[in-house]
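Chain letters run A, B, ... following the sequence lines, proteins first, then strands; residues in each count from 1. Keep in mind it's a predicted model, so treat the numbers as computed, not measured.
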Protein chains: 2
Amino acid sequence: MHFNIIDVAEKAGVSIATVSRVINGSDKVRTETRELVMAVVEKLQYVPNPSARGLILKRTEAIGLLLPDLHGEFFSEIIRGADNAVQSQGYHLIVSSSHNDPKEIEAALRFMRGRVDALIVMSPRVDSEILLANLPKSLPVVLLNCRTSNPHFDTIMTDGFGGAKEMTNYLLDLGHKQIAVITGSQSNIESQERLRGYRTAFTIRGMVPNKSIEFEGNFTQMSGYESVKEIFKLKNIPTAIFAFNDSMAIGAIKAIREEGYKIPSDISVCGFDDTPMAKYISPSLTSVHVPIPELGEMAIKRVFDRLQKRTKGAAAHIFVPTSLSIRNSCKKIMDVDISKREEVFNK
Amino acid sequence: MHFNIIDVAEKAGVSIATVSRVINGSDKVRTETRELVMAVVEKLQYVPNPSARGLILKRTEAIGLLLPDLHGEFFSEIIRGADNAVQSQGYHLIVSSSHNDPKEIEAALRFMRGRVDALIVMSPRVDSEILLANLPKSLPVVLLNCRTSNPHFDTIMTDGFGGAKEMTNYLLDLGHKQIAVITGSQSNIESQERLRGYRTAFTIRGMVPNKSIEFEGNFTQMSGYESVKEIFKLKNIPTAIFAFNDSMAIGAIKAIREEGYKIPSDISVCGFDDTPMAKYISPSLTSVHVPIPELGEMAIKRVFDRLQKRTKGAAAHIFVPTSLSIRNSCKKIMDVDISKREEVFNK
DNA sequence: GGAAATAATGTAAACGTTTACATTTCTGGT
DNA sequence: ACCAGAAATGTAAACGTTTACATTATTTCC
């Protein structure tokens, strides 16, 4: 039961061209007629049909945001940052999430084609390289934390390597030597980067990271919890646990306490991402700070730059630095403590 | 640089009608020609233009989801449930969030018009009644936790009243009498419902709720934290604190500990929503369980029923019950304890 | 007052589909 | 071999806009 431009034109006694001009604000149309038309528009509650508009204009005023399965606060913070940024430009966000395997992403991508003016893709799986290869090159695309050898796309990457290295260094400086990690899924490139950073921190000091205390999680609280249960089967309990996101750190903390250990006095724990939650749990969580909403915001900004041709030329590769948010979940190790549990795993 | 149906038709040596028929799977077209066409489609990577399609078909295969500002895990869980449900039907979700004031919602609504086949609206502000009144009645709309006197729309409401009442009862049964609440924004109808439930639990027992220990938060961790700081300025510290969502409960816990009190032995704390986080923090949080992803799922199901005309007739008003997830953050009050702090505020 | 310039408005094509209806091509029965 | 009927394919209108270009109305200037 919607009116179209013809209805408006008839009721106002003008041509559809005039109505169109009024609607689009542009051009010179007599104030008198403009007001007349606007009155009719108002009365009829006329809203231009976006399909018809999109068909001829070839733009939709929407930006597509492709996310993997969303757990925890991370992705909603991304959405928040992105949505705020698009709205300031009168654009809108089309979010498609909850797909991890390339097949689903492809379906989502097909859906997006023609419905959005630009695309922000977050596909952290290693095997999505192929997929990323044949992303539509007809629209601006920004890759968020994706690995690709294709230099054609703008990318934004957080420094997972540097962040993990810094955190590991921090723990080493506190005197920890047996630092277990709980990683994300093996096929997740962010997790890979963080693992690389973790290991590098050791090797830089001439130590060798102990691969037997690297546990694979999947970024959920439960996987953090379960990994710790595994950790406690070890002969020598590590003195610190580095979870590769905050959710797993929280799961880890629960498990550690169930085993009767205190944090940080018995075991230090830290996370990654520094989600809003981190500073509120107890002990407040030491974490690698990632500017999450800003990530979404930056991606949107980039996309608008492309859209408005402010930025032409080669793809940009933005590297977002991380920092340490040091709180109360990690503690300098007591020599006494170590002696009870230390194992000679480094020279 | 995209091909259209005409390109495909030409390359395949058939008419566009035939191509269309092949694309849409329907109708009788010779297997031979079908394969021929499909081959061309494949080669040209042809994807039908959704605008053109939407224009003539008047459907978009997208469902709009309108959310308020998203904080914490609640809304991302809603999205998760909804997205999973739409994907199983080959549909997609257009999420628009981060707007609280009616003006913004209206803009989002205008944007949605013509872009979606149905709408799910979550607008928990009291003053959005007007807005809800002139929601498009040309499409199926499901209202999620919205108050409206308009019986025209399908609604899904969680039983905030019942949940809060039950939780308050539980606390009263544990012997608590001074139960502070930290509410959401005053203008939030869910918060109002919960408050009503809280008060009712008292009055049912012939007690009168102490309004001076009702604190207004805004569903963020920080507001929970700050409310507790206020609470500790009181002469008589309540023995229990009931936060109207889990995020605020977490903020509250932090503040309580900073004041040197233990949970639950000194003060009991409970939340609302039972987000995934709740069972992992420590002490694990007693909370009113709300089936969050299921809420999104139900809304989508309802919308599809309408879309496929399986459900005609009057609007349905679904009432989603809540339940108590009892964990370790609340404790039976010791008589000794109360005596130290009790105030005669009920008969 | 009237030509020239300018401003306002109108006309019609185009965007890329779907589908009712028209046409062509097959099939099988005589 | 031919025809009826069925099956496959094609033609063209329709969906609701925008906009180049054409037309008409208004102003400006002598």
Between B:D117 (side chain only) and B:R59 (backbone N and O only), is there a donor and an acceptor less than 3.5 Å apart? no

Pairs where residues 107-131 of chain B contributes a residue and the test ring-ring contact (aromatic ring centres under 6.0 Å, His included) is met, not counting sequence neighbours: A:H92-B:F111

Cut-off 3.5 Å, no hydrogens considered: what does the side-chain donor-acceptor table look like for residues 78-86 of chain B, sequence neighbours left out?
from  : atom 1 : to    : atom 2 : distance (Å)
B:R80 : NE     : B:E77 : OE2    : 3.3
B:R80 : NH2    : B:E77 : OE1    : 3.4
B:D83 : OD1    : B:Q87 : NE2    : 3.0
B:D83 : OD2    : A:S97 : N      : 2.7
B:D83 : OD2    : A:S97 : OG     : 2.8
B:N84 : ND2    : B:R80 : O      : 3.3

Bend across the helix from C:dG1-D:dC30 to C:dT30-D:dA1, to 10°, with axes taken over 5 pairs at each end? 40°

Can you measure A:I6 atom CD1 to D:dT18 atom P for me and round it to whole angstrom units? 12 Å

Run the side-chain donor-acceptor check on residues 44-53 of chain A: report pairs under 3.5 Å with partners two or more places apart or on a different chain.
from  : atom 1 : to    : atom 2 : distance (Å)
A:N49 : OD1    : A:S51 : N      : 2.7
A:N49 : OD1    : A:A52 : N      : 3.0
A:R53 : NH2    : A:N24 : OD1    : 2.6

Looking at A:N145 and A:E190, would you say the former's side chain and the latter's main chain have a donor-acceptor pair under 3.5 Å? no

When the ring centroid of B:F304 is compared with that of B:Y91, is the distance short of 6.0 Å? yes

Per side chain to side chain contact (heavy atoms under 4.5 Å, CB included), A:M122 is matched among A:V142, A:L67, A:L66 by A:L67

Which part of the nucleic acid, if any, lies within reach of A:S51 when heavy atoms closer than 4.0 Å are counted: base, sugar-phosphate only, or nothing? nothing

Give a yes or no on whether the backbone of B:A316 and the side-chain of B:D154 come within a donor-acceptor separation of less than 3.5 Å. yes

Is there any protein nitrogen or oxygen under 3.5 Å from a nitrogen or oxygen in nucleotides 24-26 of chain C, and what are the pairs?
none

With distance as the sole test, does A:R115 use its side chain to make a donor-acceptor pair with the main-chain N or O of B:T60 at under 3.5 Å? yes

Pairs under 3.5 angstrom, nitrogen or oxygen only, protein versus nucleotides 10-15 of chain D, please.
from   : atom 1 : to    : atom 2 : distance (Å)
D:dG10 : OP2    : B:S15 : N      : 2.7
D:dG10 : OP2    : B:S15 : OG     : 3.1
D:dG10 : OP2    : B:T18 : OG1    : 2.9
D:dG10 : N7     : B:R21 : NH2    : 2.7
D:dG10 : O6     : B:R21 : NH1    : 3.2
D:dC15 : O3'    : B:K58 : NZ     : 3.3

Run the side chain to side chain contact (heavy atoms under 4.5 Å, CB included) test on A:V22 and A:V8 for me, step by step, so that the C-alpha distance in whole Å, both residues' side-chain angles and the decisive distance to 0.1 Å come before the verdict. CA-CA 11 Å; A:V22 170; A:V8 176; over 6 Å; no

Would you mind telling me which of C:dT19, D:dT18, C:dT17 lies closest to the side-chain atoms of B:P48? C:dT17

Is any side-chain N or O of B:T33 closer than 4.0 Å to OP1 or OP2 of D:dT9? yes

With a 4.0 Å limit, can you tell me whether B:R53 has a side-chain N or O closer than that to the phosphate oxygens OP1/OP2 of C:dT18? yes

In whole angstroms, the gap separating P of C:dT9 from CD of A:E10 amounts to 18 Å

Got more than 12 heavy atoms from elsewhere within 6.0 Å of CD, B:Q308? yes

